[in-house]
2 protein chains.
Amino acid sequence: MPPQHQVTLAQVAEAAGVSIATASRAINGSTRKVSEVIRARVRRTAEELGYLPNLSAQTVVKGASPTVAVLVSDIADPYFSAISSGIMAGARQAGLMVTMATSERRSADERDMIRTFRSQRPRAIVVVGSRWDEDPEAQAIEEQLTAYQQAGGRVVMVSQGPSPFDLVEIQNVEGARALAHALVDQGGQHFGVVLGYRGLRTNADRLAGFAQGLAERGITLQEETVAEGAFTRDGGYAAMGELLGRDLELDTVFATSDLMAFGAGTAMREAGLQPGVQIGLAGFDNIALSEDVTPALTTVDVPLGQIGRHAMDLALSDHEEARTIEIPTSVILRASTPVR
Amino acid sequence: MPPQHQVTLAQVAEAAGVSIATASRAINGSTRKVSEVIRARVRRTAEELGYLPNLSAQTVVKGASPTVAVLVSDIADPYFSAISSGIMAGARQAGLMVTMATSERRSADERDMIRTFRSQRPRAIVVVGSRWDEDPEAQAIEEQLTAYQQAGGRVVMVSQGPSPFDLVEIQNVEGARALAHALVDQGGQHFGVVLGYRGLRTNADRLAGFAQGLAERGITLQEETVAEGAFTRDGGYAAMGELLGRDLELDTVFATSDLMAFGAGTAMREAGLQPGVQIGLAGFDNIALSEDVTPALTTVDVPLGQIGRHAMDLALSDHEEARTIEIPTSVILRASTPVR
DNA sequence: AGCCTATTGGAAAACGTTTGCCGAACGCAA
DNA sequence: TTGCGTTCGGCAAACGTTTTCCAATAGGCT
């Protein structure tokens with residue numbers, strides 16, 4: 001680590017002919033006032049010398065840094081990057097910096113990153129991304145976060161419920177259920193599901209909601225029409241391939257994320273099926289490009305940017321007991337699911 | 001800012017019955033050794049008490065924080081999120097944290113963010129995103145970065161050349177030129193361009209390279225066949241609309257980014273033109289979904305993840321004079337540009 | 001004039017670390 | 001035994017801030 005030598009407050013004070021205390025008060029403000037003339041002089045001096053406050057020093061004495069730490073599974077995934085974008089917008093408004101890390105969906109890494117975050121003494125830690133059902137690290141992670149919270153930090157989980165912390169919950173069950181209704185209403189009868197890892201609660205919820213929605217229309221989702229894969233574009237491609245190999249008669253496929261739907265769509269075409277023509281295809285999330293593909297993708301809208309904002313709101317408002325914000329979802333029918 | 005009270009090194013030292021100095025050496029290691037037995041005892045105590053080193057305190061005394069600061073235009077844009085992903089992977093390997101901010105392409109914000117970054121004393125600052133041609137803040141930003149560098153920090157610019165700093169340069173001109181060749185070879189004759197803001201060097205380069213490539217095949221790109229818009233999906237949609245309104249006879253359209261191409265494609269379809277059938281469409285960047293759309297998008301591959309890695313490599317290797325890494329690009333022909 | 005209160009500058013103590021130095025303990029050769 | 005080098009623990013200074021006092025000055029009131 002190269003030594004970085006910088007202008008210090010002491011140098012500014014000296015140059016302005018005041019004490020360090022006064023310089024501090026003049027520049028970074030506090031309850032105490034400093035006379036206008038001195039204040040101006042100090043500020044000008046600081047400007048001239050190119051003084052920049054040392055955030056770490058401030059953090060040491062204040063006990064917390066003006067920072068919010070964000071942990072996401074994968075920043076290259078448009079789902080997470082859209083949420084992150086909302087978080088960063090909120091953070092900027094609140095004058096906070098953002099430190100970010102990706103867990104790559106490995107929960108041991110998640111635990112380590114949270115430890116590292118704690119070392120930074122951020123004002124809040126936001127964890128985005130579905131939790132695994134049988135996560136060996138779950139307890140360790142929760143302990144870390146609890147300790148952090150008890151030390152005065154705020155914890156916000158996005159799409160991680162149930163949990164003892166503040167929560168931003170996406171209505172996955174309801175959205176998938178409504179989607180099922182809509183698809184049946186369009187004339188779908190034989191449904192398949194391209195499912196991200198079942199162990200991720202998000203997927204489990206979306207599957208359950210979809211099955212429930214179908215059931216409410218008198219259709220039973222067969223287990224053999226569900227293919228599981230990684231919760232990524234490639235996973236969708238692979239799972240769809242598997243589904244095709246099973247030689248079922250499907251007229252509509254629901255993928256538990258838009259990203260998986262894109263992969264599934266490519267697999268369909270490679271098998272000679274045009275989504276939106278011979279077979280229907282629906283996703284979930286309504287990520288940015290889902291309306292630009294051909295055929296435009298039927299999906300369930302999740303207001304991703306808003307989610308980030310809400311997470312920051314929770315992080316900043318102080319309240320005693322944990323709160324939950326429910327994010328409503330809504331079905332968007334597009335050309336990928338034809339009316340029959 | 002809530003006071004966060006935490007276990008300190010002093011408490012660990014006390015509990016372990018050693019001095020603070022010894023505790024420090026036992027836990028965070030240094031040149032000096034501490035006997036195995038004491039070392040073990042201290043570590044165990046730290047573990048039991050849940051001690052976490054205070055990174056800010058360490059930063060204050062060491063003079064720099066184990067952090068790399070990243071500034072991107074817009075994290076929700078897949079171009080930037082893919083690069084960020086590479087950067088974060090590199091940072092993790094190097095044991096560094098990442099602090100991230102978005103400038104929203106406003107250069108005044110960019111300047112402010114860099115100031116804030118400097119306050120954090122990061123080990124490196126990475127700035128990703130094309131520079132504006134006539135940027136009123138350009139000088140202020142360069143001064144900030146120069147001062148930072150002189151204080152011992154490392155600066156890496158991605159796609160920002162020319163600049164006095166370390167540079168990761170994408171071969172935009174060459175890529176666009178090669179694309180033009182390939183499109184002419186496929187039988188294209190009447191070309192249009194959906195251009196992101198011309199003031200962004202990236203767009204200017206891609207346009208220039210494309211025009212040059214056409215010229216080398218004996219085709220002159222007419223100014224009236226170029227429509228300019230925001231460097232986003234919506235910009236592409238709007239610019240394509242404008243182009244269509246001009247009533248030209250185009251057989252192929254080059255959009256200066258995949259994102260713009262997606263928007264342009266939607267505009268084409270709304271006008272009754274099928275990309276890949278009546279009209280060719282090509283993009284630039286090869287973002288993740290470009291092969292999943294229908295028709296799959298012809299584009300110029302830019303290895304975005306690698307770019308991030310290279311940026312981190314530059315940030316970490318220490319060398320005197322500024323270096324430049326050239327990232328090669330390569331044409332990928334897909335169905336959106338039919339062979340005629 | 002005398003007193004009380006507000007205002008404002010400065011000295012110094014914190015905050016949680018790392019590290020330069022000192023000195024104690026030990027091993028070993030002479 | 002002395003002398004000397006090596007190992008390793010601890011004291012205390014430093015890092016760049018904020019904040020608690022304390023003191024000095026100014027102003028208002030009687």
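Below, chain A is the first sequence line, B the second, and so on; all start at residue 1.
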Sequence neighbours excluded, the answer for side-chain contact (heavy atoms from CB on, under 4.5 Å) partners of B/Asp166 is B/Arg154, B/Val156, B/Leu314, B/His319, B/Ala322, B/Arg323
To the nearest 10 degrees, the angle between the two end axes of the helix from C/dA1-D/dT30 to C/dA30-D/dT1 (five pairs per end) comes to 50°
Of B/Val60 and B/Val18, the one whose closest nucleotide on DNA chain D sits nearer the 5' end is B/Val18
Sorted by chain and number, sequence neighbours left out, side-chain contact (heavy atoms from CB on, under 4.5 Å) with A/Ala40 holds for none
Between CD of A/Gln120 and P of C/dC15 the distance, given in whole Å, is 21 Å
Across all chains, not counting sequence neighbours, the salt bridge (charged side-chain N to carboxylate O under 4.0 Å, His left out) partners of A/Asp77 are none
Identify all side-chain donor-acceptor contacts of residues 14-24 of chain A below 3.5 Å with residues at least two apart in sequence or on another chain.
residue	atom	partner	partner atom	Å
A/Ser19	OG	A/Ala21	N	3.4
A/Ser19	OG	A/Thr22	N	3.2
A/Ser19	OG	A/Thr22	OG1	3.1

Contacts satisfying salt bridge (Lys or Arg N to Asp or Glu O under 4.0 Å) that involve residues 43-56 of chain B (not counting sequence neighbours) are B/Arg44-B/Glu48
Those residues at least two apart in sequence (or on a different chain) that pass side-chain contact (heavy atoms from CB on, under 4.5 Å) with B/Ser73 are B/Phe80, B/Ser103, B/Arg105
On a heavy-atom basis, the closest approach of A/Ile75 and B/Ser81 is O-CB, 3.3 Å
Contacts of B/Met157 meeting side-chain contact (heavy atoms from CB on, under 4.5 Å) (sequence neighbours excluded), chain-then-number -> B/Val127, B/Arg131, B/Leu145, B/Val155, B/Gln160, B/Ser163, B/Phe165, B/Leu167
What residues 35-44 of chain A contributes to the DNA chain C interface at heavy-atom separation below 4.0 Å is A/Ser35, A/Ile38
Contacts of A/Gln306 meeting side chain to side chain donor-acceptor pair (under 3.5 Å) (sequence neighbours excluded), chain-then-number -> none
Can you give each donor-acceptor pair under 3.5 Å made by side-chain atoms of residues 136-144 of chain A, sequence neighbours left out, with the distance rounded to 0.1 Å?
residue	atom	partner	partner atom	Å
A/Glu137	OE1	A/Arg111	NE	2.5
A/Glu137	OE2	A/Arg111	NH2	3.3
A/Gln139	NE2	A/Glu143	OE2	3.2
A/Gln144	OE1	A/Arg118	NE	3.1

Going 5' to 3' through nucleotides 17-24 of chain C and flagging B where a protein heavy-atom sits under 4.0 Å of the base, S where only the sugar-phosphate is that close, and - otherwise, we get BBBBB---
